[in-house]
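Below, each value reflects all heavy atoms present in this structure, side chains not excepted, and no hydrogens, waters or symmetry copies. In this chain, numbering begins with 1 at the start of the sequence shown.
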Amino acid sequence: MSGVTLISMTATPAPPLRVGNASGFYGDRLAAVREMLQGGPVDVLTGDYLAELTMAILGRDQLADPSRGYARTFLRQMGECLAFVMERRIRVVTNAGGLNPRGLAERLTELAEGLGFDPRIACVTGDDLLHRAEELHLGSPLTANAYLGAFGIAACLDAGADIVVTGRVTDASLTVGPAISHFGWTDADLDALAGATVAGHVIECGAQATGGNYALADDLLGAGHRLDHPGFPLAEIHADGTSVITKHPGTGGAVTTGTVTAQLVYEIAGPRYPGPDVTARLDTVRLTQEGPDRVRLSGTLGEAPPPDLKVGLTGLTGFRNEVEFLITGLDARVKADLAEAQLRAALDHRRPGELSFEFAPAEDPHGPTQDAATARLRVVARDHDPATVGRSFGAAAVELALASYAGLHLTAPPREARPDGVAVTHALVPAAEVEHTAVLPDGDQVTVPHPARTREATELPEPPPPPPPASEAPLREAPLGAVLGARSGDKGADANLGVWARDERAWPWLVHTLTTDLLRDLLPETADLRITRHLLPNLYAANFWIEGLLAPGSARREGPDPQAKGLGEWLRARLVLIPEDLLPPPPPPGRGGRRP
């Protein structure tokens, strides 16, 4: 080999991919797309528009007009920002296609032509199973959509797409797809896919990762962060799947291990987070605060995905109407009973299939204001026939105005029936039964194979608990929120309630104190329900999966919180005995509330 010079051919690693998100739901901040594009560098901009209930909203849209079924606000946002997208060569990936991704892609093409641009637009289809509902034993839903993975998005980007429009994919797939394309991952790169999935899960709900809806907002305010207009998040994803969650400089809110933890424990069922491409092990995720507004996610392990795909099903449950009687002053309960008996009698000839009466007592029957002295009787009627619960239902209440209790008045005149809430349920179908299709910018259609290796996502054994707290400090009654953060939400008829310790010292106390039995005591509505607790020691967090709390489905459940969004804050407000050395010091005398 004398005289021969050896030249190293080591490949330069791919640079990190900067993925920003500009929408967490259909109805999120309209200006967020412009803010994200103009606020700093970004390689890919994603937009998540599809909550479970959104599918039903889009289904109703299609019943009225078959050409709809997509998130129309996305067109408005692209109308404002497409010039910037094309100038900076930023790729856009969105599930705004909803039930009609081809339709949105066509409208987007028309919009771009009108603006003088020619972006390469692709779409992902195959999730809509409504036409096969009977064959797949899914009943007779309004919508039926399988949760597809990220490789269809990657195929579109590999083919040169500037904009990719999808139907129902998992929320995290909007982030994972661009990473697959950028780094060349295959379905065997499980740890990398899992890391990107976790990053996608963190940023998918927009400002929830940057201080929005944050239970411990007082900590952020005390550190000088402004929360009146939080920025939207970004994920800097690396070739091994590790990532840094951040936001554009100068934007509001904050990115801390706390805000990231709050999003990690949101809408999960346990430490295994199954998806169509990978099952991410949330119990392996490690968070590191690298600097201001920079949190690194590392250590995430990935496992083969389950063999079945989740299918989201929605269905209309009929029609509803309601009236509200206002009852002022003395003997409110007696007056309410009279009104109920009279209205039931008036509806005897055409009684609704479901009729409920809910009495809310006055703040103080002898109160200094009439509002404080007024009770309410809310009457809700439901039926499959809109005529049964239409204007005639409200008219029956009005007819009591001069023939019932003293001071009777209603909050609103009679109105027509409106569609009731929707039932949201889930089913599983074998992945092989679903044709995942990428429609490339040139119109070619590519069938995207499902992962060859699969694994059932079984329950993990509970990790060993930390030793019980050794504190001998006296106990003081205080709200749980003094030492714990929480975030909660819905998954069909079930609720997820994630809690985490404000600091490492409170973690053993959380584990040994906040058991499922104590949770049932603190939240009486859960007393007869199945509750599973999963511990996530790396996050100092626990997740409670509460089955049936929102039955028959979050969109139809009666009460003030049908999607369990406030469940965590109710828990944090409950009083328990807490060691004094875990409690924060009292505020200095005379300290007022902080501005947001």
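Exactly one residue among Asn21, Thr175, Thr170, Asn95 makes a side-chain hydrogen bond (donor to acceptor under 3.5 Å, both in side chains) with Asp48. That residue is Asn95.
The stretch residues 365-374 participates, sequence neighbours left out, in these side chain to side chain donor-acceptor pair (under 3.5 Å) pairs: Thr328-Thr374.
The number of heavy-atom neighbours closer than 6.0 Å to CZ of Arg574, taken from other residues, nucleotides and ligands shown, is above 12. Summarising the local packing, CD of Glu110 is surrounded by more than 12 heavy atoms from other residues, nucleotides or ligands at distances under 6.0 Å.
A cation-pi arrangement is present between Arg333 and Phe359 under the rule of less than 6.0 angstrom and at most 45 degrees off the ring axis.
Side chain to side chain, Glu267 and Asn496 fail the donor-acceptor criterion of an N or O pair below 3.5 Å. In this structure, a donor-acceptor pair under 3.5 Å is absent between the side chains of Thr437 and Thr447. Checking Ser67 against Asp65 by side-chain atom types alone, a donor-acceptor pair falls below 3.5 Å. Side-chain atoms of Gln77 and Arg34 include no donor-acceptor pair closer than 3.5 Å.
The minimum heavy-atom distance between Arg72 and Asp61, with the atom names listed, is NH2-OD2, 3.7 Å. Thr279 and Pro274 get closest at one heavy-atom pair: OG1-CA, 3.6 Å. Contact detail for Arg351 and Ala345: the closest heavy-atom pair is NH2-N, 4.3 Å. Considering every non-hydrogen atom in both Leu142 and Ala56, the closest pair reads CD2-O, 3.7 Å.
Using bins of under 30°, 30° to 60° and over 60° for the plane-to-plane angle, the ring pair His450/His436 lands in the tilted bin.
Ionic pairing of Glu322 and Arg320 is present here: one or more N-O contacts between side-chain nitrogen and carboxylate oxygen are shorter than 4.0 angstrom. The pair Asp171-Arg168 meets the salt-bridge criterion, with a side-chain N (NZ, NE, NH1 or NH2) lying under 4.0 Å from an Asp/Glu carboxylate O.
For His201, the ring pair (Phe, Tyr, Trp, His ring centres under 6.0 Å) partners at least two apart in sequence or on another chain are Tyr273.
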